[in-house]
Number of protein chains: 2
Amino acid sequence: MNLRHLKYFMAVAENLHFGKAAKKLFIAQPPLSRQIRQLEEELGVMLFDRDKRHVALTSQGAFLYDESQKIFNHLSAVRKTLGLMHQGVVGQINIGYVGAAMHCILPDLLVKLNSACPDVNAQLLELSTESQIQAIQTGQIDVGFIRTPVDIAGLIARSVYREPFSLVLPAEYEPVEATAAGIRALANEPFISFARVCGPGLIDSVLSICSKSGFAPRIVHETSQMNSVVRLVESGLGYSIVPSSVKNGYDLKVTFVELAGFEETAELSVVYAKGESTAIVQNFLAQVLHE
Amino acid sequence: MNLRHLKYFMAVAENLHFGKAAKKLFIAQPPLSRQIRQLEEELGVMLFDRDKRHVALTSQGAFLYDESQKIFNHLSAVRKTLGLMHQGVVGQINIGYVGAAMHCILPDLLVKLNSACPDVNAQLLELSTESQIQAIQTGQIDVGFIRTPVDIAGLIARSVYREPFSLVLPAEYEPVEATAAGIRALANEPFISFARVCGPGLIDSVLSICSKSGFAPRIVHETSQMNSVVRLVESGLGYSIVPSSVKNGYDLKVTFVELAGFEETAELSVVYAKGESTAIVQNFLAQVLHE
DNA sequence: TCAACTTGATACCTACTGAGTATTAATTGA
DNA sequence: TCAATTAATACTCAGTAGGTATCAAGTTGA
């Protein structure tokens, strides 16, 4: 069987006349008769009652007509969806992100994406900066929101958000001034650090802030998750310096003090693979970047 | 597009290897590559990511694979159903019947049909004998249950049920004996008759019964519907003689007296068109006749 | 009643397209 | 650098869809 067979069959079923159907199909009548007979032979069923003068659908023919219509509708829906997928308004995009992104730009971006392309399904994966770089190379995610600067051989990163750092102190600590002098007062307190996988650039900035304030932090704990840092601070194990957006989204008993007078900022970048990407990813990147 | 394209596409999608897919399809690799490229060009979409060494489905390819699978499943279900329709175990049969048939043999027959062929849908149409004969010729019904004898040029009728006649009297009449003598006592009462469309043979039998009893009925009303006869009798307009099965199925205040000692019987026959009929009709007739 | 017309089926030929073979191009691995 | 792998390309062949001519059977109308 062939889609041609079904198409020809439907034409005959609609006209109940081989000659007229052939004309509508822009073919001659004899090949049409032959194709219909082939179809009947293959299905082992008479599709038409012919009485040398009139053509009528058999019950099997009527059934096949309905089903053929469904099949062609299905096919044209598939064609249409493929076109929409090609345009990038239908489909799926896998997005990696560091936790902080969910507390600044990511929610707005997802709302924009959803209103522009309601049939694009965004799969979100919270991953460290390092894991995202790997995940893009393996194709596990299409785009990532990472902490920069970081080594991204073969990938492209574009800065999308900058924010100051904040001191984060256990609730029982004395309040501290948001300046180099204020920080220096904490020099002997234990410092909770995040690991390099969270973003090497971030660590470097924090160390730079301390260095400019005239001390090196006394690192007692190091965690791979940014929110673990805050939890450890809450437990009173020490203080830390984190991007300011970390204070959003948690309800922990700690004190955040946004630092002033430092040029160091925490940079969030969108990262994606070099070379051609799918239309969905291009659409998404356009929304992220061109605004 | 062509079902072949989809079939080939699915083979490549399943193997992610043109050479292996071609082998499974029993064709050489080059035509397979060409067919896939044709499909991609026609759909305007890349279905596979090829990197000279590896083949992977794109998101559009993954979508098309799922949908192709559905389409082939649909097609094979259609094939299967057509086969079942051909065997006569799936489909529809249009059955005409006179009201009385529903009170004797028809319910049992429908139960038998349903248990033998649960996917056969019986469309029931209560029609007079005359209307059924026309309806068979126009193809409106496949088989009919009619009152015979009757002229059925070009059709075949087979007797399926015989029953005696019954007197039907208004409740206020005196009881009457079920014999020729008893009937004769009613000779001067008004007689409610059914029309010839209800079955000419029936009328002739009734008139024959009266004639053998020594009188001609004084016909005051004639209706085309058998159950109207009984309703008119209930209203006290007169008495009638009807097939005994008419007494079933109504709850009217009339008296039925089954006649005895007459050779006349009301005959119910199944009637159908000469020549080949669908498997469903053949199955149904086999159940009606071979038992 | 018979010729003209309709209409689907058949016979036969042509041409397009799908399949095969041989080869190329490009990448991978030893 | 060479052999191996694998998809793509070039070219040829053949099967099948489509065309034309005709037939067969039924309908219509003078």
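Letters go in sequence order (proteins before strands), and every chain restarts at 1.
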Expressed in angstrom and rounded to an integer, what is the separation of [X] atom [atom1] from [N] atom [atom2]?
{"X": "A:Ile36", "N": "C:dT7", "atom1": "CD1", "atom2": "P", "answer": "17 Å"}
{"X": "A:Phe18", "N": "D:dG18", "atom1": "CZ", "atom2": "P", "answer": "14 Å"}
{"X": "B:Lys23", "N": "D:dT6", "atom1": "NZ", "atom2": "P", "answer": "10 Å"}
{"X": "B:Leu39", "N": "C:dG18", "atom1": "CG", "atom2": "C1'", "answer": "15 Å"}
{"X": "B:Phe9", "N": "C:dG18", "atom1": "CZ", "atom2": "C1'", "answer": "20 Å"}
{"X": "B:Asn2", "N": "C:dT17", "atom1": "CG", "atom2": "P", "answer": "12 Å"}
{"X": "A:Lys7", "N": "D:dA17", "atom1": "NZ", "atom2": "P", "answer": "13 Å"}
{"X": "B:Met46", "N": "D:dA7", "atom1": "CE", "atom2": "P", "answer": "14 Å"}

Among the nucleotides C:dG8, D:dA17, C:dA19, which one has an atom lying closest to any side-chain atom of B:Arg4?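 It is C:dA19.
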Taking distance alone, no hydrogens or angles, what donor-acceptor pairs closer than 3.5 Å link side-chain atoms of residues 87-95 of chain A to residues at least two apart or in another chain?
unit_1  : atom_1 : unit_2  : atom_2 : d
A:Gln92 : NE2    : A:Asn94 : OD1    : 3.0

Can you list, pair by pair, the side-chain donor-acceptor contacts under 3.5 Å of residues 23-32 of chain B, counting residues two or more places apart and other chains?
unit_1  : atom_1 : unit_2  : atom_2 : d
B:Lys24 : NZ     : B:Asn15 : OD1    : 3.1
B:Gln29 : NE2    : B:Ser33 : OG     : 3.0

Is [X] close enough to [N] that one of its side-chain N or O atoms is under 4.0 Å from OP1 or OP2 there?
{"X": "B:Gln38", "N": "C:dG18", "answer": "yes"}
{"X": "B:Ser33", "N": "D:dA8", "answer": "yes"}
{"X": "B:Arg50", "N": "D:dA8", "answer": "yes"}

Under-4.0 Å salt bridge between B:Glu40 and B:Arg37: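 Salt bridge: no.
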Should B:Arg79 and A:Glu42 count as an ion pair when the cut-off is N to O under 4.0 Å? yes
Closest non-hydrogen atom pair between B:Val150 and B:Ile146, with its separation: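 Nearest heavy atoms, B:Val150 then B:Ile146: CG1-CD1, 3.8 Å.
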For A:Ile136 against A:Ala273, the heavy-atom pair lying closest together: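 Heavy atoms of A:Ile136 and A:Ala273 come nearest at CG2-N, 3.9 Å.
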Passes side chain to side chain donor-acceptor pair (under 3.5 Å), A:Gln132 versus A:Tyr97? Steps please. CA-CA 7 Å; A:Gln132 285 183 61; A:Tyr97 65 98; over 6 Å; no
Per-nt protein contacts along nucleotides 19-29 of chain D (heavy atom under 4.0 Å; B base, S backbone sugar-phosphate only, - none) come out as BBB---SBS--
